[in-house]
Amino acid sequence: MAGLNGGGTSIIVRLEMHKEQVTFGQIATAIGDAGGDIVAVDVTRASKTTTTRDITVNVSDPQHTNTIEATLKDIPGVKVVNISDQTFLMHLGGKIEVTPKMPIKNRDDLSRVYTPGVARVCMAIHEDPSKAHSLTIKRNTVAVVSDGSAVLGLGNIGPKAAMPVMEGKAMLFKQMAGVDAFPICLDTQDTEEIIRIVKALAPTFGGINLEDISSPRCFEIEERLIEELDIPVFHDDQHGTAVVILAGLLNAVKVVGKQLESCKVVVTGIGAAGIACTKMLLAAGVTNVIGVDRQGAIVRGETYSNSAWDWYAANTNPFLQSGTLSDVIADADIFIGLSGPGVLKVEDVKRMAADPIVFAMANPTPEITPEEAEPYVRVMATGRSDYPNQINNVLCFPGIFRGVLDCRASRITQDMKLAAAKAIASVVSDDELNEYYIIPSVFNHAVVEKVRESVMEAAYESGVARRRSPREMQDAHHE
Ligand SMILES: NC(=O)C1=CN([C@@H]2O[C@H](COP(=O)(O)OP(=O)(O)OC[C@H]3O[C@@H](n4cnc5c(N)ncnc54)[C@H](O)[C@@H]3O)[C@@H](O)[C@H]2O)C=CC1
Ligand SMILES: CC(=O)C(=O)O
Ligand SMILES: [Mg+2]
């Protein structure tokens with residue numbers, strides 16, 4: 001099964017080779033026989049008797065690295081100097097930095113960007129706070145806020161361990177959409193305290209992206225912040241995920257020739273992402289959605305300590321199906337996994353309706369691997385970048401925030417999310433659409449632009465955009 005290290009993890013093995021005792025060919029063969037895939041070789045030092053080479057090898061997991069190291073150590077004339085993991089190397093010192101837009105070359109510049117000149121700018125904002133949008137980083141800056149309580153599918157690993165994910169989101173915001181995003185990991189999991197801290201941070205930012213905050217606390221935190229702040233607040237694991245799932249499903253049902261509204265959909269993992277995805281499906285007209293969490297299907301008539309599940313029971317599962325995932329999966333057209341590794345068994349997939357669609361989206365290890373499921377499914381998707389059909393909220397959050405920052409929206413409405421889903425789906429043309437291409441690549445530049453445009457259009461229509469639309473500006477010009 002694909003694990004934490006799956007998908008293109010590579011190591012760099014630095015070897016010192018004694019020329020008289022061993023050839024590079026022998027080493028390459030040994031690495032190949034141990035299952036390693038050599039992708040690059042550099043000579044870093046050479047003398048009369050020895051050569052030092054950096055060999056980049058793709059491996060499947062940490063045990064595989066150990067096997068290759070042991071194999072190399074056994075070859076006479078080879079000294080393993082060092083083995084480094086490229087993924088860790090890319091994280092050394094963190095992944096982002098703050099860069100000034102202009103250099104401070106002399107005292108004159110200094111007196112403008114800082115005191116005394118800056119004071120006039122401060123007073124201009126003091127007199128008209130809306131000027132913060134034009135005179136500070138606010139208009140292009142988003143806070144990526146986590147408490148480390150539901151990091152990917154790794155669980156409650158805390159704020160320090162959450163940072164690499166939040167730094168990664170910040171990189172994606174900038175590279176995909178030019179949005180400056182700042183990772184903020186909080187050392188508290190108290191709902192009221194998180195709300196208070198985010199409200200206190202808000203003056204700096206044009207939007208708040210909540211990330212990897214576990215349910216059910218995430219619902220109250222987001223709802224309260226939306227009500228109490230005048231900038232958009234978006235819990236990405238709920239809505240970004242739901243938007244991309246809907247985009248993928250709109251195209252997947254076209255491939256299998258079914259109507260989404262009449263499909264039976266089973267969702268596992270009724271947390272942040274599972275609940276938001278269900279709400280999105282209901283908004284798109286699906287009626288038969290069944291949610292399954294650890295204790296089985298959520299069904300009306302049961303009592304739940306989690307109020308979000310009371311809502312879920314009242315609004316889903318119209319035929320009151322109860323039992324385990326294996327019980328309720330029979331005849332399902334679509335499975336959506338937002339839970340954890342290995343939850344869906346091959347036997348379950350075999351019992352789905354004809355042409356099953358399986359979105360196994362737990363990260364980093366899906367509910368079922370494509371290798372296991374593929375013989376029995378028609379359309380398979382995961383959240384990972386190393387398989388086809390990557391359903392990941394990275395297809396949504398850069399474009400949606402680009403759009404809301406550009407039209408200065410006060411909030412993100414359901415219509416804006418639906419518009420984003422349709423925009424993402426539309427990037428795959430009918431000619432291109434097939435089982436292995438239901439969703440555009442994360443690197444497809446059309447995605448951010450289409451999402452931005454559709455989201456802005458929906459924001460103007462729903463009256464939440466606070467910057468005049470291009471048409472209004474044109475009208476004002478002609479008055
Ligand atoms: N591909 C993507 O873009 C995204 C994927 N995800 C993945 O979805 C999963 C859930 O994320 P969140 O909703 O943010 O977390 P969450 O902590 O809010 O919810 C997880 C839910 O799954 C349930 N669960 C865990 N193991 C289960 C099992 N074995 N059987 C049934 N239910 C189980 C938990 O009880 C909980 O209700 C994670 O693996 C995450 O990586 C989340 C957001 C985006
Ligand atoms: C992709 C993402 O946001 C997650 O797995 O939590
Ligand atoms: Mg997340």
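Note that the numbering runs from 1 along the sequence shown for the chain. Everything numeric in this text was worked out from a predicted model, so none of it was measured. Counting convention: from 1, in listed order, for ligands and their atoms alike.
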Asks: Does Ile270 approach ligand 1 within less than 4.0 angstrom via side chain, backbone, both or neither, non-hydrogen atoms only?
Replies: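 Only the backbone of Ile270 comes within reach of ligand 1.
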
Asks: Indicate whether the side chain of Asn140 and that of Arg402 have a donor and an acceptor atom separated by less than 3.5 Å.
Replies: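 Their side chains do contain a donor-acceptor pair, which is all the 3.5 Å distance test asks for.
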
Asks: Is there a polar contact between ligand 1 and Ile213, counting only N or O atoms under 3.5 Å apart?
Replies: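 No.
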
Asks: Please write down residue, atom name and distance for the protein heavy atom closest to atom 22 (O) of ligand 1.
Replies: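 The protein heavy atom lying closest is Gly269 CA, 3.3 Å.
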
Asks: Ligand 1 and Asn363, any nitrogen or oxygen pair closer than 3.5 angstrom?
Replies: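 Looking only at distances, the answer is yes, because the N/O contact criterion of under 3.5 Å is met.
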
Asks: Hey, are the side chains of Ile245 and Leu338 touching, using non-hydrogen atoms and a 4.5 Å cut-off?
Replies: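 Yes, at least one pair of side-chain atoms sits under 4.5 Å.
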
Asks: Distance to 0.1 Å, residue and atom name: give those for the protein heavy atom nearest to atom 19 (O) of ligand 1.
Replies: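 Residue, atom and distance for the closest contact: Gly271 CA, 3.3 Å.
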
Asks: To the nearest 0.5 Å, what is the distance between CG on Leu225 and NE2 on His235?
Replies: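 One gets 11.5 Å once the value is rounded to the nearest 0.5 Å.
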
Asks: Is there a donor-acceptor contact under 3.5 Å linking the side chains of Ser307 and Asp310?
Replies: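 Short answer, no.
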
Asks: Which atoms of ligand 1 have any heavy atom of Asn392 under 4.0 Å away?
Replies: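 Under 4.0 Å from Asn392, ligand 1 has these atoms: 3 (O).
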
Asks: Which option out of Thr324, Asp237, Asp236, Val343 puts a heavy atom nearest to atom 30 (N) of ligand 1?
Replies: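 It is Val343 whose heavy atom sits nearest to atom 30 (N) of ligand 1.
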
Asks: Assess, by modelled atom type and distance only, whether the side chains of Asn393 and Lys169 contain a donor and an acceptor separated by less than 3.5 Å.
Replies: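 A pair is found: one side chain offers a donor N or O, the other an acceptor, under 3.5 Å apart.
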
Asks: Which option wins on minimum heavy-atom distance to atom 32 (N) of ligand 1: Arg294, Glu367, Arg384?
Replies: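 Looking at heavy atoms only, Arg294 sits closest to atom 32 (N) of ligand 1.
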
Asks: Under a 3.5 Å distance rule, please check whether Asn251 uses its side chain to pair with a backbone N or O of Ile438 as donor and acceptor.
Replies: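 Yes.
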
Asks: Hey, which atoms in ligand 1 end up nearer than 4.0 Å to a heavy atom of Leu152?
Replies: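 Per the distance check, 38 (C), 40 (C), 41 (O).
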
Asks: Do any nitrogen or oxygen atoms of Gly153 lie less than 3.5 angstrom from nitrogen or oxygen atoms of ligand 1?
Replies: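 Among all N and O atoms of Gly153, at least one is under 3.5 Å from an N or O of ligand 1.
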
Asks: Counting heavy atoms not belonging to Lys422, are there more than 12 under 6.0 Å from its NZ?
Replies: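 No - once you tally the heavy atoms of other residues, nucleotides and ligands closer than 6.0 Å, there are 12 at most.
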
Asks: Verify the neighbour count for atom CD of Glu261: are there more than 12 heavy atoms of other residues, nucleotides or ligands below 6.0 Å?
Replies: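 Yes, CD of Glu261 has more than 12 neighbouring heavy atoms, counting only those of other groups under 6.0 Å.
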
Asks: List every atom of ligand 2 that sits less than 4.0 Å from any heavy atom of Glu211, numbering the atoms from 1 in the order shown and giving each element.
Replies: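 Those of ligand 2 that fall under 4.0 Å from Glu211 are 3 (O).
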
Asks: I want to confirm something. Looking only at heavy atoms, which of Met361, Gln295, Gln390 is nearest to atom 5 (C) of ligand 1?
Replies: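 The nearest heavy atom belongs to Met361.
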
Asks: Residue-level breakdown please: for Asn392 versus ligand 2, do any non-hydrogen atoms fall below 4.0 Å on the side chain, on the backbone, on both, or on neither?
Replies: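 For Asn392, the contact with ligand 2 is made by the side chain alone.
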
Asks: Number the atoms of ligand 1 from 1 as they appear, then name those within less than 4.0 Å of a heavy atom of Ala362, with their elements.
Replies: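 Per the distance check, 7 (C), 39 (O).
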
Asks: If you measure from each non-hydrogen atom of Asn393 to ligand 1, which part falls under 4.0 Å: side chain, backbone, both or neither?
Replies: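 Asn393 to ligand 1: contacts from backbone and side chain alike.
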
Asks: State the atoms of ligand 1, each with its element, that fall below the 4.0 Å cut-off from a heavy-atom position in Ala150.
Replies: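 Atoms satisfying the 4.0 Å criterion: 17 (O).
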
Asks: Tell me which part of Ala272 gets within contact of ligand 1: side chain, backbone, both or neither, using heavy atoms under 4.0 Å.
Replies: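 The part of Ala272 near ligand 1 is both the backbone and the side chain.
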
Asks: Got a donor-acceptor contact below 3.5 angstrom from the Asn434 side chain to the Tyr436 backbone?
Replies: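 Yes: the side chain of Asn434 pairs with the backbone of Tyr436.
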
Asks: Can Asp212 and Met166 be said to form a side-chain contact (heavy atoms from CB on, under 4.5 Å), step by step?
Replies: CA-CA 9 Å; Asp212 292 353; Met166 306 313 136; 3.6 Å; yes

Asks: Looking only at protein heavy atoms, identify the closest one to atom 33 (C) of ligand 1 and say how far it is in Å.
Replies: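 For atom 33 (C) of ligand 1, the nearest protein heavy atom is Ser339 CB, 3.6 Å.
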
Asks: Just by modelled atom types, is the Leu92 backbone N or O under 3.5 Å from a matching donor or acceptor in the Lys95 side chain?
Replies: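 Judged by distance alone, no pair lies under 3.5 Å.
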
Asks: Return yes if some donor-acceptor pair links the side-chain N/O of Arg351 with the main-chain N/O of Ile329 below 3.5 Å, else return no.
Replies: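 No: the side chain of Arg351 does not pair with the backbone of Ile329.
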
Asks: Under a 4.0 angstrom heavy-atom cut-off, which atoms of ligand 2 come close to Asn393?
Replies: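 Reading through ligand 2 atom by atom, the close ones are 1 (C), 2 (C), 3 (O).
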
Asks: Please report which non-hydrogen protein atom sits nearest to atom 20 (C) of ligand 1, along with the residue it belongs to and the distance in Å to one decimal place.
Replies: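 For atom 20 (C) of ligand 1, the nearest protein heavy atom comes out as Leu338 O, 4.1 Å.
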
Asks: Closer than 4.0 angstrom: is that true for some heavy atom of Asp293 and an atom of ligand 1?
Replies: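 Asp293 counts as a contact of ligand 1 under the 4.0 Å cut-off.
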
Asks: Please confirm whether Phe401 and Phe234 have ring centers closer than 6.0 angstrom.
Replies: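 Ring centres of Phe234 and Phe401 closer than 6.0 Å.
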
Asks: Closer than 4.0 Å to some heavy atom of Asp212 - which atoms of ligand 2 meet that?
Replies: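 It comes down to these atoms of ligand 2: 6 (O).
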
Asks: Compute the shortest N/O to N/O distance between Ile391 and ligand 1 and return yes if it is under 3.5 Å, no if not.
Replies: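 There is such a contact, yes.
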
Asks: Everything protein-side that's N, O or S and under 2.8 Å from the Mg ion (ligand 3): list it, residue and atom.
Replies: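 Glu211 OE2, Asp212 OD1, Asp237 OD1, with waters left out.
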
Asks: May I ask you to list the atoms of ligand 1 that are less than 4.0 angstrom from any heavy atom of Gly383?
Replies: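 Counting from 1, the qualifying ligand atoms are 1 (N).
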
Asks: Let me see the working for Ile231 and Lys138 under side-chain contact (heavy atoms from CB on, under 4.5 Å), right down to the final yes or no.
Replies: CA-CA 10 Å; Ile231 53 174; Lys138 185 176 177 75; 4.2 Å; yes

Asks: Taking only heavy atoms of Ala273, which atoms of ligand 1 are found under 4.0 Å from at least one of them?
Replies: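 Listed by number with element: 13 (O).
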
Asks: Suppose I only count heavy atoms of Asp237 and a 4.0 Å limit; which atoms of ligand 2 are within that range?
Replies: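 Near Asp237, meaning under 4.0 Å from one of its heavy atoms, ligand 2 has 2 (C), 3 (O), 4 (C), 6 (O).
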
Asks: Considering distance alone, does some N or O of Thr241 sit under 3.5 Å from an N or O of ligand 1?
Replies: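 No; every N/O pair is 3.5 Å or more apart.
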
Asks: Determine, step by step, whether Tyr376 and Glu347 satisfy the side chain to side chain donor-acceptor pair (under 3.5 Å) criterion, reporting the C-alpha distance in whole Å, the side-chain angles of both residues, the deciding distance to 0.1 Å, and the verdict.
Replies: CA-CA 10 Å; Tyr376 311 100; Glu347 289 312 310; over 6 Å; no

Asks: What are the atoms of ligand 2, with element, lying closer than 4.0 Å to any heavy atom of Lys169?
Replies: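 Those of ligand 2 that fall under 4.0 Å from Lys169 are 2 (C), 3 (O).
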
Asks: Keeping Lys160 on the side-chain end and Asp187 on the backbone end, is there a donor-acceptor pair under 3.5 Å?
Replies: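 Not confirmed, Lys160 side chain does not pair with Asp187 backbone.
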
Asks: Using only heavy-atom distances, determine whether the side chains of Ser149 and Asp147 contain a donor-acceptor pair under 3.5 Å.
Replies: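 Short answer, yes.
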
Asks: Counting distance only, does the side-chain N/O of Glu302 pair as donor-acceptor with the main-chain N or O of Val299 below 3.5 Å?
Replies: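 Such a contact is absent between Glu302 side chain and Val299 backbone.
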
Asks: Of the protein's non-hydrogen atoms, which lies at the shortest distance from atom 5 (O) of ligand 2, and what is that distance?
Replies: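 I find the closest protein heavy atom is Asn363 ND2, 2.9 Å.
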
Asks: Is a side-chain donor-acceptor pair under 3.5 Å present for Glu220 with Thr191?
Replies: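 No donor-acceptor contact under 3.5 Å links the two side chains.
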
Asks: Ignoring hydrogens and angles, state whether a donor on the side chain of Ser339 or Glu367 is under 3.5 Å from an acceptor on the partner side chain.
Replies: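 Glu367 and Ser339 do have a side-chain donor-acceptor pair below 3.5 Å.
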
